[in-house]
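We number each residue from 1, following the sequence as shown.
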Amino acid sequence: MIELNENTVEAWLDDAEKFTYDFMRYSVCCVRTVGVEPTFSRQVLYEAHKEWVETCTDWKNHRFHYGVESLSYTKIFAILLHCLSKRTFVTAMEEHVANDHRSEFEFNGSPQERAEAAQDFLGAPDVICALDFSIQVLCFYEVHRLGRREKFDPRLTESVRHDLIHFLVGSEPHSALSVYMAIKPIFSRD
């Protein structure tokens with residue numbers, strides 16, 4: 001679907017087009033599994049990318065007393081989640097009809113769960129895309145982290161996911177720091 005390796009995050013931070021392409025590709029594949037075909041605003045995604053890069057730079061240079069050489073992936077993707085979830089980048093949604101001519105992903109659940117996932121997406125499409133992308137990428141890097149002593153077991157339950165969605169679409173504006181504090185326990189190491 002998208003290539004993740006030790007250079008991917010830096011490549012995304014350096015190149016808005018690469019990030020936007022990968023983000024849209026990932027999101028489209030996931031959303032199609034629940035029968036929805038989204039249309040994205042590249043311009044809005046470029047604006048979110050710009051803010052993401054600027055906020056990461058600011059955090060790296062000013063958030064910590066002595067500065068840091070790099071931010072943790074949890075911080076980087078909390079900032080991304082904040083920058084994406086406060087914008088409307090899904091501009092249209094239509095019913096997706098599977099096409100036999102190209103590879104399709106299948107929903108891994110019951111028809112009732114698929115219908116519920118579709119309703120969740122339709123209720124908060126931008127937040128769902130941003131959250132699922134950020135969480136999946138973070139999980140990949142945690143699973144493949146060098147020096148891990150024990151198997152990574154994310155603490156993201158369906159209930160916690162719904163709480164995060166509610167937090168991100170809530171009436172109160174959130175900050176990058178509050179998003180970081182909300183997702184940090186999912187990825188904390190014992």
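For Ser178 (side chain) and Ser175 (main-chain N/O), a donor-acceptor pair under 3.5 Å exists by modelled atom type. In terms of modelled atom types and a separation under 3.5 Å, the side chain of His144 and the main chain of Asn5 share no donor-acceptor contact. Proximity of a side-chain donor or acceptor of Trp52 to a complementary backbone N or O of Ile76 within less than 3.5 Å is detected. The backbone N or O of Ala11 sits nowhere less than 3.5 Å from a side-chain atom of Asp15 that would complete a donor-acceptor pair. Judged by distance alone, with hydrogens and angles left aside, the side-chain atoms of Ser85 form no donor-acceptor pair with the main-chain N or O of Leu168 at under 3.5 Å. In this structure a side-chain-to-backbone donor-acceptor pair under 3.5 Å is missing from Thr39 to Met93.
Proximity of Val28 to Pro38: side-chain heavy atoms (C-beta onward) are separated by under 4.5 Å at one or more points. With contacts defined as side-chain heavy-atom distances shorter than 4.5 Å, the pair Asp126/Phe40 does not qualify. Contact of the Phe77 side chain with the Ile135 side chain is not registered, since no non-hydrogen atoms from C-beta on lie closer than 4.5 Å. Inter-residue side-chain proximity for Ile79 and Tyr180 is flagged as unmet; no heavy-atom pair is nearer than 4.5 Å. Residues Tyr141 and Phe187 form no side-chain contact, since every pair of their non-hydrogen atoms from C-beta on lies 4.5 Å or further apart. Counting heavy atoms from C-beta outward, Arg155 and Pro185 have side chains that stay 4.5 Å or more apart. Here the side chains of Gln43 and Glu47 are in contact, with some heavy-atom distance below 4.5 Å. Proximity of Phe19 to Leu80: side-chain heavy atoms (C-beta onward) are separated by under 4.5 Å at one or more points.
More than 12 heavy atoms of other residues, nucleotides or ligands sit less than 6.0 Å from atom CZ of Phe140. When the shell of 6.0 Å around CE of Met181 is examined, it contains 12 or fewer heavy atoms from other residues, nucleotides or ligands.
Residues Glu142 and Tyr73 bring no donor and acceptor atom of their side chains to less than 3.5 Å of each other. With 3.5 Å as the limit, one finds no donor-acceptor pair spanning the side chains of His82 and Thr55.
A continuous path of Ile, Leu, Val, Met, Phe, Trp and Tyr side chains, each step under 4.5 Å between heavy atoms, connects Val44 with Leu84, placing both in one hydrophobic cluster. Follow the hydrophobic side-chain contacts under 4.5 Å out from Tyr21 and you never reach Leu13; the two are in separate clusters. The hydrophobic cluster containing Ile183 also contains Leu156, counting ILVMFWY residues as joined when their side-chain heavy atoms lie under 4.5 angstrom apart, directly or transitively. A single hydrophobic cluster is not seen to contain both Val53 and Tyr46; linkage of ILVMFWY side chains at heavy-atom distances under 4.5 Å, directly or through other members, places them apart.
Listed by first and then second residue, the salt bridge (charged side-chain N to carboxylate O under 4.0 Å, His left out) pairs involving residues 174-183 amount to none (not counting sequence neighbours).
Residues satisfying the salt bridge (Lys or Arg N to Asp or Glu O under 4.0 Å) test with Lys86, not counting sequence neighbours, are Glu51. Residues passing the salt bridge (Lys or Arg N to Asp or Glu O under 4.0 Å) test with Glu116, sequence neighbours excluded: none.
Ring geometry, Phe167 versus His174: the interplanar angle falls from 30° to 60°, so the pair is classed tilted.
Considering every non-hydrogen atom in both His49 and Ala16, the closest pair reads ND1-CB, 3.4 Å. Of all non-hydrogen atoms in Leu81 and Ser134, the two that sit nearest each other are CB-OG, 3.9 Å.
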Could you walk me through whether Phe89 and Phe23 pass ring pair (Phe, Tyr, Trp, His ring centres under 6.0 Å), step by step? CA-CA 11 Å; Phe89 54 84; Phe23 176 79; 5.5 Å; yes

